[in-house]
Each structure stands twice: as C-alpha cells, then as structure tokens.
Protein chains: 2
Amino acid sequence: MADVNSLHRLPVGASAQFLREAEIRRGIELLYFGYSNMVKGADVHLATQGLGRAHHRALYFIARRPGMPIGDLLALLNITKQSLSRVLGDLQERGLVVQAVGTRDRRQRMLSLTPAGATLETELFECLRDGVTRAYGHAGQTAVTGFWTVLTGLIPPEDRPLVEALQQPLPARRTA
Amino acid sequence: MADVNSLHRLPVGASAQFLREAEIRRGIELLYFGYSNMVKGADVHLATQGLGRAHHRALYFIARRPGMPIGDLLALLNITKQSLSRVLGDLQERGLVVQAVGTRDRRQRMLSLTPAGATLETELFECLRDGVTRAYGHAGQTAVTGFWTVLTGLIPPEDRPLVEALQQPLPARRTA
DNA sequence: AATTTACGTCAGCCATGTTGACGCATATGC
DNA sequence: GCATATGCGTCAACATGGCTGACGTAAATT
C-alpha cells in the first residue's frame with residue numbers, strides 16, 4: 001500500500017477504497033460514541049436506584065408495548081430467559097412491573113408497568129430525550145430522516161418488522 | 001391525556017409533543033438495534049478466537065491510532081486502567097499488541113498492533129464494514145451525512161475533539 | 001529535592017450475559 | 001382423549017467486563 005499521505009499517487013480504485021474505509025470507520029465510531037453518550041445520563045439515574053442498563057431496557061420496552069408477553073420481550077432483547085428473569089424479578093420486587101395471565105393464551109404472562117414503574121420510565125426517557133432533542137434540533141429534519149434511514153439499513157430485513165411494530169400506535173387506553 | 005388514536009382531537013401543543021416523543025423513541029430504538037446488529041457479526045468472529053467485545057474495542061482504536069499511549073486509549077474507552085489492563089494483557093499474551101517506551105515521554109507506553117493483530121483487526125473491520133456499506137448504499141450520501149450529523153450532535157461538544165482526532169489522516173507510514 | 005504524572009498490579013466485588021437441566025400448565029393436533 | 005409442543009419458571013454453575021481501593025515505580029516537572 002502507498003503512503004496514506006500521497007493520495008494523488010494512488011490509482012483511482014484504491015483512492016475510492018480508501019475514502020470508503022474512512023467513511024465506514026467514521027460511522028462505526030460515531031455510532032459507538034453516540035450510543036454511549038446517549039445512555040450515559042440514564043445510567044447515572046439508574047445507579048441511584050440500584051438498577052442497571054439491563055433493567056432500563058426491559059422497562060423501556062414494557063412501557064412501549066404494555067401487555068407484551070415475555071416471549072416478545074425476549075425476542076427484542078435477544079438474551080436468554082434466565083438473564084431476563086433476574087431482571088424482571090428485580091423490577092417486580094421493587095413494584096415497578098406486574099404480570100397478568102394472558103387472555104388469549106393463559107400460558108402467556110402479559111407485562112406492564114405499575115404507576116411507579118411508569119414514573120421511573122418517564123424519568124429515564126427524559127434523560128435520553130434531552131440529548132436526542134438537542135441532536136435533532138441542531139441537525140434538522142433532513143438529517144434526522146437520513147439518520148433513521150441508515151440505522152434501519154443496519155438492521156437485517158427479517159428483523160425490521162419487530163422493530164417497526166414498536167412504532168405502531170398503541171391501542172386506545174384511558175388515563176383520565 | 002386523550003386517546004392516542006384520536007390525534008385530531010388533541011390540542012396542537014399536545015399533538016406536537018406527542019409527535020416529538022414518537023420521533024425520539026424511534027431514534028433511541030434504531031440506535032439501539034442498529035448498534036447491536038452492526039457488532040453482531042464481529043462478536044461471532046471474536047468468540048472463535050476466545051476474545052470479547054472489549055478486546056475488539058482496544059484493537060480497533062490501536063489500529064486507528066498506532067502509537068497511541070495508554071492514557072489516550074483510556075480516555076476513548078472511558079473505563080478504568082484496571083479494566084483495560086486485563087484486556088491489553090490478553091492481547092499482548094496472544095501476540096496481537098505490543099508496547100514501546102514513549103520517545104517524547106519515557107513514562108508513556110505507545111501501543112501498536114503486530115502483523116497478527118493487524119490481520120485480526122482487518123477481519124473484524126470487515127464484519128462491521130459489510131453491514132455499514134449496505135446501509136450506506138441503500139440510504140444514499142445525503143442520508144449518510146444526516147446520520148453523521150445527528151450522531152455528532154449526541155456527543156457533548158467538549159468530547160468531540162477526541163472523536164474527531166480519530167479521523168485525522170495518519171502520519172505517513174511505510175508498509176511496502 | 002519534592003511533587004506530579006503515567007503506568008503496573010494485587011485483590012475483591014458486581015452486573016449481566018451464557019449453558020444445561022428439569023418442571024408445570026396450557027394449547028394444539030391427531 | 002392423549003401425545004406433543006409451547007410458554008414460562010427455576011436451580012446451578014460459569015464467563016465477561018465493568019468497578020473500587022490500595023500500593024509501587026519510574027520519569028517528568030517545578
């Protein structure tokens with residue numbers, strides 16, 4: 001390989017290759033640092049409650065799809081049921097999450113947040129929200145759309161329905 | 001709060017609020033799933049070598065900034081020196097990384113990859129690259145730029161120089 | 001000469017993932 | 001109706017990769 005500083009001496013193909021590598025590394029790095037920084041604030045808040053990031057993930061998805069059965073949550077988190085059971089046990093002990101027997105299928109356990117759980121989830125969401133809102137605001141709508149497009153492209157097509165299902169509107173609920 | 005299904009009945013402010021929350025949750029979720037999927041392939045390859053994600057991160061940054069001292073790597077990884085020392089120990093045992101006494105400051109330990117380390121890092125990079133290349137390709141250049149912009153916005157301004165320094169061209173090296 | 005800095009190291013702990021095995025209640029298919 | 005499959009719970013053991021605290025040593029700085 002030629003000197004990295006002598007791009008003008010590289011054949012066109014190699015130059016394009018080099019630029020592509022730089023752009024890919026940039027994406028990898030920004031994704032890593034962006035994700036790390038996004039969750040940093042939530043981690044601090046979680047620590048004050050004696051909880052960790054794993055608890056947050058469960059809390060987050062249960063908030064997002066109340067009534068979700070265990071199996072669906074396992075599919076989203078992509079961990080073993082043994083790992084999840086420890087996390088859910090902690091959350092139930094603390095009165096943040098409750099289970100109900102499934103209506104359609106009585107083997108299922110439908111998960112939902114208690115009011116205390118919903119409160120904590122909201123606080124944690126706000127930790128993430130502040131950073132994301134700032135980033136969206138400075139970047140503008142076009143950039144945000146591109147951000148979504150690239151990230152969606154990183155998800156294998158067969159897994160996309162799972163993620164997109166999270167964005168469907170929830171069935172009507174009454175909170176008043 | 002009104003029924004989520006009846007947006008037309010919401011006051012304008014509440015509607016905008018709701019849309020903003022949906023967009024933020026979408027970003028959070030895509031960032032989580034996008035990152036998870038990006039590193040999935042590399043994790044498999046690492047496992048065949050008896051290494052983990054932590055080893056990959058060290059390897060990655062050393063490849064990116066050869067000659068980087070320990071302290072700089074610590075700042076990038078944001079972990080304790082005790083954690084890093086376990087990881088670096090593994091990598092040195094396996095002959096993937098070497099240290100050299102600093103030239104300007106003899107207290108520093110400059111890290112670099114051995115040829116075997118560089119080979120492994122290249123293989124791991126290719127695992128990530130395939131997914132990122134596909135995502136970039138389907139999304140297009142405008143989307144990629146937006147992707148970078150939003151992610152950069154997630155990084156606190158005071159930390160950005162650290163990340164941007166990674167993207168500076170390397171000092172000339174001879175590999176021929 | 002005193003202090004600070006960059007790094008190494010020992011020891012123990014915690015969070016969160018893993019595998020494997022087994023049990024029970026319910027749903028489903030023949 | 002009975003066999004089988006599915007959804008979930010649980011016990012036990014282990015791996016990875018973080019953490020804190022304490023202490024040491026060489027080299028740079030003041």
Side-chain angles (χ1 to χ4, degrees), chain A residues 32 35-36 39-40 42-62 67-94 97-112, chain B residues 32 35-36 39-40 42-62 67-94 97-112:
Chain A
Y32 170 67
Y35 183 78
S36 298
V39 299
K40 201 165 282 183
D43 283 348
V44 172
H45 194 269
L46 282 159
T48 70
Q49 321 271 315
L51 298 173
R53 210 178 275 188
H55 300 99
H56 186 194
R57 286 196 285 262
L59 220 44
Y60 181 94
F61 287 121
I62 298 172
M68 174 185 271
I70 302 267
D72 288 13
L73 186 52
L74 282 174
L76 283 172
L77 295 172
N78 205 28
I79 58 176
T80 60
K81 63 176 175 174
Q82 293 92 329
S83 292
L84 178 57
S85 102
R86 223 171 3 201
V87 170
L88 281 182
D90 291 345
L91 294 175
Q92 284 169 326
E93 257 180 33
R94 283 169 170 75
V97 165
V98 285
Q99 289 186 345
V101 170
T103 48
R104 245 190 24 220
D105 183 334
R106 293 173 46 79
R107 290 170 305 178
Q108 291 186 329
R109 298 292 171 261
M110 326 272 269
L111 297 163
S112 53
Chain B
Y32 169 67
Y35 183 78
S36 298
V39 298
K40 201 164 284 183
D43 283 348
V44 172
H45 194 267
L46 282 159
T48 71
Q49 321 271 316
L51 298 172
R53 211 177 275 188
H55 300 98
H56 187 194
R57 285 196 285 263
L59 220 43
Y60 181 95
F61 287 122
I62 298 171
M68 172 186 272
I70 300 267
D72 287 12
L73 186 51
L74 281 174
L76 283 172
L77 294 172
N78 207 28
I79 59 177
T80 60
K81 62 175 176 173
Q82 294 90 331
S83 293
L84 179 57
S85 100
R86 230 176 351 205
V87 169
L88 281 182
D90 291 346
L91 293 175
Q92 285 168 325
E93 256 180 32
R94 284 171 171 73
V97 165
V98 286
Q99 289 187 345
V101 171
T103 48
R104 243 190 25 220
D105 183 336
R106 292 174 46 79
R107 291 170 305 176
Q108 291 186 329
R109 298 290 172 264
M110 326 272 268
L111 297 163
S112 52

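Protein chains get the first letters and strands the later ones, always in sequence-line order, with residue 1 at the start of each.
- Residue side chain A:Lys81 does not reach the base of D:dG7 through any donor-acceptor N/O pair under 3.5 Å, judged by distance alone.
- What separates CZ of A:Arg104 from C1' of C:dT26 is a distance of 14 Å, to the nearest Å.
- Under 4.0 angstrom from either OP1 or OP2 of D:dC19 there lies at least one side-chain N or O belonging to B:Ser83.
- Using cut-offs of 30° and 60° for the angle between ring planes, the B:Phe61 and A:Tyr32 rings count as tilted.
- Each of B:Leu88 and A:Val87 has a nearest nucleotide on DNA chain C; the 5'-most of these lies closest to B:Leu88.
- A close approach under 4.0 Å does occur between a side-chain nitrogen or oxygen of A:His55 and OP1 or OP2 of C:dT16.
- With a 4.5 Å cut-off on side-chain heavy atoms, B:Val101 and B:Gln108 do not count as touching.
- If you check D:dG17, D:dC19, C:dT16 against the side chain of B:Ile79, the one that comes closest is D:dC19.
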Derivation of the side chain to side chain contact (heavy atoms under 4.5 Å, CB included) call for B:Arg94 and B:Leu51: CA-CA 10 Å; B:Arg94 284 171 171 73; B:Leu51 298 172; 3.6 Å; yes
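- The base of D:dG9 does not come close enough to the side chain of A:Arg107 for any donor and acceptor atom to sit less than 3.5 Å apart.
- A straight line from CD of B:Gln108 to C1' of C:dC7 spans 10 Å, rounded to a whole angstrom.
- Atom pair A:Leu46:CG and D:dG18:C1' shows a separation of 15 Å (rounding to whole Å applied).
- Between its opening and closing five pairs, the helix from C:dA1-D:dT30 to C:dC30-D:dG1 changes axis direction by 30°, a value rounded to 10 degrees.
- In this structure, the CG atom of A:Leu51 is 10 Å from the P atom of C:dA15, given to the nearest Å.
- Look at CZ on A:Arg53: it is 14 Å from P on D:dG17, rounded to the nearest Å.
- Look at CG on A:Leu91: it is 10 Å from P on C:dT16, rounded to the nearest Å.
- For A:Arg57, whose side chain is taken as the heavy atoms from C-beta onward, the closest listed nucleotide among C:dA21, D:dA28, C:dG17 is C:dG17.
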Would B:Met68 and B:Leu76 count as a side chain to side chain contact (heavy atoms under 4.5 Å, CB included) if you check the C-alpha gap in whole Å, the side-chain angles of each, and the deciding distance to 0.1 Å? CA-CA 11 Å; B:Met68 172 186 272; B:Leu76 283 172; 3.3 Å; yes
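- Among C:dG8, D:dC8, D:dG17, the nucleotide with an atom closest to any side-chain atom of B:Gln99 is C:dG8.
- Among the nucleotides C:dA6, C:dG17, D:dA22, the one closest to the side chain of B:Gln82 is D:dA22.
- The main-chain N or O of B:Gly52 is found under 3.5 Å from a side-chain atom of B:His55 such that the two form a donor-acceptor pair.
- Here C:dG17 is the nucleotide among C:dG17, C:dT26, D:dG17 with the atom lying nearest to any side-chain atom of A:Arg86.
- For the side chain to side chain contact (heavy atoms under 4.5 Å, CB included) with B:Ile70, the qualifying choice from B:Lys81, B:Arg107, B:Gln99 is B:Gln99, the only one to do so.
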Would A:Val87 and A:Arg57 count as a side chain to side chain contact (heavy atoms under 4.5 Å, CB included) here? Give the steps. CA-CA 10 Å; A:Val87 170; A:Arg57 286 196 285 262; over 6 Å; no
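- Within the 4.5 Å cutoff, the side chain of B:Arg53 has heavy atoms near those of the B:Asp43 side chain.
- Closest to the side chain of A:Arg109, from the set D:dT20, D:dG17, D:dC8, is D:dC8.
- OP1 or OP2 of C:dT18 has at least one side-chain nitrogen or oxygen of A:Thr80 nearer than 4.0 Å.
- As a whole-Å value, the separation of A:Met68 CE from D:dG7 P is 15 Å.
- Rounding to whole angstrom units, CD of residue B:Gln49 and C1' of D:dT16 are separated by 17 Å.
- The side chain of B:Pro69 lies closest to C:dC7 when the candidates are D:dT10, D:dG7, C:dC7.
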